[in-house]
Trainee: 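Encoded as structure tokens, here's the structure I'll be asking about.
All of these numbers come straight from a predicted model, not from anything done at the bench.
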Amino acid sequence: MSVTRRTVLKGMAAAAATSVTGVPKALARERKKPPAGAVGMLYDATRCIGCKACMVKCKEANQLPPDPGGKMGAIYDAPDDLTGYTKNVIKLYREGDRISYMKAQCMHCVDPACVSVCMIGAFRKDKQGVVTYDPGMCVGCRYCMMACPFNVPKYQWDVAFPKIVKCEMCRHLLAEGKLPACVEACPREAVIFGKLEDLKADARNRLAAEPGRYFPKVYGETDGGGTQVLYLSAAGIPFEKLGLPDIGDQPLPELSETLQHAVYQGFVAPIVLYGALGLVIYRNRKRQSSEEEGDK
Amino acid sequence: MNSHFRPVGGPILTGTFLVSAAIFIVSVAILIWRFIVGLGPTTAMNDLYPWGIWITYDVVVGTALACGGYAVALLCYVLNKGKYHHLIRPAILTSALGYSLAGVSVIIDLGRYWNVWKVPLLWNWNRNSILLEVAICIMTYVVVLWIELAPAFLEKWEEDAPWQWLRNLSLKIHPWLNRILIPLLALGILLPTMHQSSLGSMMLIAVHKLHKLWHTPMLPLLFLLSCIVMGYAAVVFETALADKVFKLPRETKLLAPLSVVMVVVLFAFLAVRVGDLALRGRLGLIFRFDFYSFMFLLEMALFVIPAVLLIFRRFRYNPGVEFLCAMMMMTAGLLYRFDAFLVGFKPAPNAAYFPSIPEMFVTLGLVAFEVMAYLFIVKIFPILGGVTHAAPRTGHGGVGVPASGG
């Protein structure tokens with residue numbers, strides 16, 4: 001069969017078709033599981049009293065400066081959200097007489113979007129499942145910030161030599177056998193640290209023991225493919241109110257990576273397309289030059 | 001000179017050139033400020049909108065408008081519309097300039113640009129990263145484009161080089177370049193096919209943040225189709241302007257048959273766009289008549305009108321209508337890409353972004369630089385076809401009066 005432009009167009013159409021329709025099952029991406037030694041944190045909003053001791057200890061442990069937040073000229077630490085200088089923040093949700101605190105930090109996803117999109121692996125998952133950041137491999141493209149469904153990675157907007165900042169579960173302390181600073185600081189054990197499986201069991205037990213106390217769901221068990229930071233909320237306060245969106249159970253990288261790898265599997269499609277393009281161009285040019293000679 | 005391309009000649013320092021230079025100088029001053037104080041004080045980007053117009057316009061829209069080289073190469077070399085070969089060089093020139101400046105824009109936007117040399121190193125690659133594929137493809141394509149354009153420079157220098165060594169070098173390189181031409185041309189079609197579709201794939205990860213009218217697994221296909229439309233429209237736009245400014249014979253008649261191909265591409269885009277929404281049960285979102293449905297309808301109108309107009313032969317051969325259609329196709333693609341990266345991107349209910357004045361000035365400055373470079377290069381080097389007078393030597397001034405026969 002001779003290669004014609006039709007072949008090329010067909011090839012392009014086929015590539016496009018595989019990219020959008022049924023991706024062959026063999027190429028489908030396997031669901032990721034937490035690593036064997038997975039650790040995690042469990043935050044129980046019903047136990048938190050909003051003292052913010054965790055915020056103070058977090059800044060100390062991670063050597064982050066006070067962040068006056070939106071209050072210009074303020075000298076005290078008062079960030080109203082995670083920022084380029086705040087890896088952990090206690091927020092207040094209030095609606096009528098219902099009140100809840102909320103601890104915002106990195107969720108340490110089982111299948112993190114930030115790790116999936118990062119060009120040269122500044123974001124990685126270590127063997128305990130902690131999502132780590134290596135500024136030495138970061139070009140500051142901020143795709144992680146676009147990708148994260150929880151808007152966790154933050155950027156230092158006000159300096160010439162910025163970093164991306166997010167919670168790394170105090171991995172420098174974990175390495176010394178210590179607890180993450182926020183867990184260490186909490187006077188009410190509202191946030192605890194442990195093996196992910198133990199924390200899941202603990203959370204389920206709490207729900208079972210006091211069903212009237214809690215909103216009937218452990219956030220992070222399956223959300224977005226699962227997270228290693230789990231949340232319990234008070235009865236009547238759904239997680240969306242606390243800033244944890246309903247993102248379903250599918251990990252975010254599943255769609256993008258499946259499509260991308262289907263098209264670029266083994267780099268076969270691009271190579272075939274390249275060869276076909278080369279042949280068609282060669283043939284067309286030869287035909288054209290012979291036509292031009294015929295004109296003379 | 002052995003090709004039918006000629007430099008247009010004429011003075012370099014024209015009014016347009018000087019105005020562009022002034023804008024460019026202001027933007028350079030802003031850029032110095034940006035590298036001293038960081039992105040926060042100079043732009044409106046923030047933690048919820050980490051990408052602003054420097055990515056959305058300069059890269060995502062800019063490279064698509066610079067797909068003229070891709071669109072014309074596809075039409076000329078693959079669809080074998082040989083008689084349009086004289087459109088290739090101006091198209092490649094704008095592509096080379098557009099893509100190079102997109103690269104510059106990325107460096108300006110990167111927070112930790114000093115690490116960028118680590119990106120091309122194979123052993124660092126995260127093969128899951130779509131941005132990585134886009135980055136590597138674009139870097140390679142910039143090189144391919146300048147090599148594709150090299151004959152224009154070599155032809156000039158072979159005849160008239162400022163230094164003897166440059167002349168000798170040109171004479172030596174030129175035959176060698178002809179030998180690698182076909183693999184190079186094929187690469188020049190493969191790379192944009194890859195990275196333009198992947199630009200769309202980049203937003204696949206924003207499943208919950210991108211509005212449902214724009215988030216779809218079809219993003220790569222829609223981005224590929226839209227870049228062909230935008231690139232082609234940019235060639236029509238630029239050919240019409242160049243013909244007018246340099247008083248060249250009109251090329252519109254030659255372009256008209258190519259516009260038929262665009263009708264096909266436009267309708268393919270519309271079919272995928274609407275068919276996908278229908279299959280996924282999202283058509284209802286169009287008729288909510290909120291801000292997003294309004295943006296969608298505006299975008300659609302700009303795609304539909306040229307698609308319908310260009311069906312008719314008398315409109316295709318009408319220079320005014322064709323120019324208008326080109327403008328609409330460029331705007332349609334621009335709007336689609338803005339919607340998919342910024343307008344439809346809603347990371348949180350309270351999130352907001354509108355570019356700051358300095359930010360817009362930098363984008364304007366890069367466009368101004370592109371205008372300057374274009375004018376300079378077409379006046380000195382043989383880029384434009386259909387120049388019927390003998391090439392005036394530099395310094396003779398004046399845009400030549402069309403003389404008989406080349």
Side-chain angles (χ1 to χ4, degrees), chain A residues 5 8-9 12 16 19-20 81-84 113 115-121 135-143 145-147 149 151 154-164 245 247 250 252-253 255-257 259-261 263-264 270 273-274 277-278 280-282 284-285 287-288 291, chain B residues 35-41 45-48 50-51 77-80 82 106 109-116 118-119 121 124-126 128-133 135 182-183 185-187 189-190 193-194 197-198 201-209 217-218 220-221 224 272 276 345 347-348:
Chain A
R5 71 174 187 236
V8 175
L9 294 177
M12 284 170 111
S19 79
V20 291
D81 206 336
L82 298 175
T83 70
V115 172
S116 168
V117 301
C118 187
M119 286 196 286
I120 50 173
M137 294 303 272
C138 174
V139 296
C141 71
R142 308 187 293 282
Y143 195 11
M145 302 169 69
M146 291 291 286
N151 297 317
K154 300 294 178 188
Y155 179 83
Q156 295 175 334
W157 294 98
D158 60 337
V159 290
F161 305 106
K163 279 182 192 166
I164 298 283
I247 57 171
Q250 193 187 22
L252 273 77
L255 174 67
S256 57
E257 287 189 18
L259 282 192
Q260 192 74 354
H261 290 310
V263 177
Y264 290 101
L273 181 59
Y274 182 66
L277 283 169
V280 170
I281 293 169
Y282 174 73
N284 284 343
R285 283 181 67 89
R287 191 162 66 187
Q288 199 194 331
E291 271 168 22
Chain B
F35 280 105
I36 294 171
V37 299
L39 288 171
M45 286 188 273
N46 54 65
D47 278 330
L48 292 174
W51 286 352
Y77 300 123
V78 180
L79 297 177
N80 203 24
V106 167
D109 189 78
L110 286 181
R112 302 172 60 80
Y113 47 86
W114 58 90
N115 278 338
V116 84
K118 295 175 184 173
V119 175
L121 305 180
N124 285 336
W125 290 3
N126 168 17
N128 294 326
S129 172
I130 294 162
L131 183 60
L132 178 82
E133 189 228 308
I182 287 174
L185 289 175
L187 207 54
I189 295 174
L190 177 73
T193 310
M194 287 169 66
S197 57
S198 292
S201 305
M202 273 167 57
M203 292 308 281
L204 288 175
I205 195 84
V207 185
H208 313 281
K209 294 189 189 178
M218 296 284 177
L221 186 57
L224 183 61
V272 175
D276 166 65
F345 185 73

Trainee: Heavy-atom distance under 4.5 Å to chain A: side chain of B:F35, backbone, both or neither?
Mentor: backbone
Trainee: B:V116, B:D109, B:V207: which one forms the most heavy-atom pairs within less than 4.5 Å of chain A?
Mentor: B:D109
Trainee: Any non-hydrogen side-chain atom of A:V117 less than 4.5 Å from a side-chain atom of B:L131?
Mentor: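 SC-SC contact between A:V117 and B:L131 ruled out.
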Trainee: In terms of heavy-atom proximity below 4.5 Å to chain B, should A:P245 be classed as side chain, backbone, both, or neither?
Mentor: neither
Trainee: Given heavy-atom pairs under 4.5 angstrom as the criterion, report whether the side chain, backbone, both or neither of B:L39 touches chain A.
Mentor: both
Trainee: Does any non-hydrogen side-chain atom of A:M119 lie less than 4.5 Å from one of B:W125?
Mentor: no
Trainee: Is there side-chain contact between A:N284 and B:L79, with at least one heavy-atom pair below 4.5 Å?
Mentor: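 Contact flag for A:N284/B:L79 side chains = no.
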Trainee: Going by salt bridge (Lys or Arg N to Asp or Glu O under 4.0 Å), name the residues that satisfy it together with B:D47, two or more places apart in sequence or in a different chain.
Mentor: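 For B:D47, no residue satisfies salt bridge (Lys or Arg N to Asp or Glu O under 4.0 Å) once neighbours in sequence are set aside.
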Trainee: Can you measure from CG (A:L277) to CD1 (B:I182) and round to the nearest 0.5 angstrom?
Mentor: 12.0 Å
Trainee: Hey, which of B:A206, B:S201, B:G40, B:S197 has the most heavy atom pairs under 4.5 Å with chain A?
Mentor: B:G40
Trainee: Between B:L110, B:V106, B:V272, who has the most heavy-atom pairs with chain A when the cutoff is under 4.5 Å?
Mentor: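 It is B:L110.
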Trainee: For the residue pair B:Y77 and A:V280, what are the closest heavy atoms and their distance?
Mentor: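 In terms of heavy atoms, the two residues are closest at O-CG1, 4.1 Å.
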Trainee: Roughly how far, to the nearest 0.5 Å, is SG of A:C138 from CG of B:N115?
Mentor: 7.0 Å
Trainee: Out of A:Y143, A:F161, A:Y282, which one racks up the most heavy-atom pairs below 4.5 Å with chain B?
Mentor: A:Y143
Trainee: Any heavy-atom pair between the side chains of B:V119 and A:V139 that's under 4.5 Å?
Mentor: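 Side-chain contact under 4.5 Å: yes.
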Trainee: Quick check on B:L121 against chain A: is it the side chain, the backbone, both or neither that has a heavy atom closer than 4.5 Å?
Mentor: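 Contact with chain A: none, neither part.
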Trainee: For the pair B:R112 (side chain) and A:P135 (backbone), establish whether a donor and an acceptor sit closer than 3.5 Å, ignoring hydrogens and angles.
Mentor: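 It does hold such a pair.
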Trainee: Would you indicate whether the side-chain heavy atoms of A:P253 and B:N128 approach each other to under 4.5 Å?
Mentor: no
Trainee: What are the two closest heavy atoms between A:S116 and B:I205, and how far apart are they?
Mentor: OG-CD1, 4.5 Å
Trainee: For chain A, find which of B:A135, B:A186, B:G38, B:P41 contributes the most heavy-atom pairs closer than 4.5 angstrom.
Mentor: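 Most pairs with chain A among the choices: B:A186.
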Trainee: Measuring only between side-chain heavy atoms, which start at C-beta, is B:M203 closer than 4.5 Å to A:M146?
Mentor: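 Yes, close enough: below the 4.5 Å cut-off.
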Trainee: Are B:M194 and A:V263 close enough, and set up right, to give a side chain to side chain contact (heavy atoms under 4.5 Å, CB included), and what steps lead you there?
Mentor: CA-CA 10 Å; B:M194 287 169 66; A:V263 177; over 6 Å; no
Trainee: Non-hydrogen atoms of chain A under 4.5 Å away: do they reach the side chain of B:K118, the backbone, both or neither?
Mentor: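 Answer is both: backbone and side chain atoms of B:K118 are under 4.5 Å from chain A.
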Trainee: Restricting to non-hydrogen atoms, name the atom on A:R142 and the atom on B:G111 that form the minimum distance, rounded to 0.1 Å.
Mentor: NH1-N, 3.9 Å
Trainee: Heavy-atom distances under 4.5 Å only: say whether B:D276 touches chain A with side chain, backbone, both or neither.
Mentor: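 For B:D276, neither part sits under 4.5 Å from chain A.
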Trainee: Rounded to the nearest 0.5 Å, what separates atom CG in A:L255 from atom CG in B:L204?
Mentor: 5.0 Å
Trainee: List the atom of B:W114, the atom of A:P162, and the distance in Å for their closest heavy-atom pair.
Mentor: CH2-CD, 4.2 Å
Trainee: Heavy atoms, side chains only, cut-off 4.5 Å: are B:S198 and A:Y264 in contact?
Mentor: yes
Trainee: Would you mind reporting whether A:L259 and B:P217 have side-chain heavy atoms less than 4.5 Å apart?
Mentor: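 Yes, side chains in contact.
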Trainee: Indicate the atoms forming the closest heavy-atom contact of B:N126 with A:G121, along with that distance.
Mentor: CB-N, 4.3 Å
Trainee: At their closest point, which heavy atom of B:A348 faces which heavy atom of A:N151, and how far apart are they?
Mentor: CB-ND2, 4.2 Å
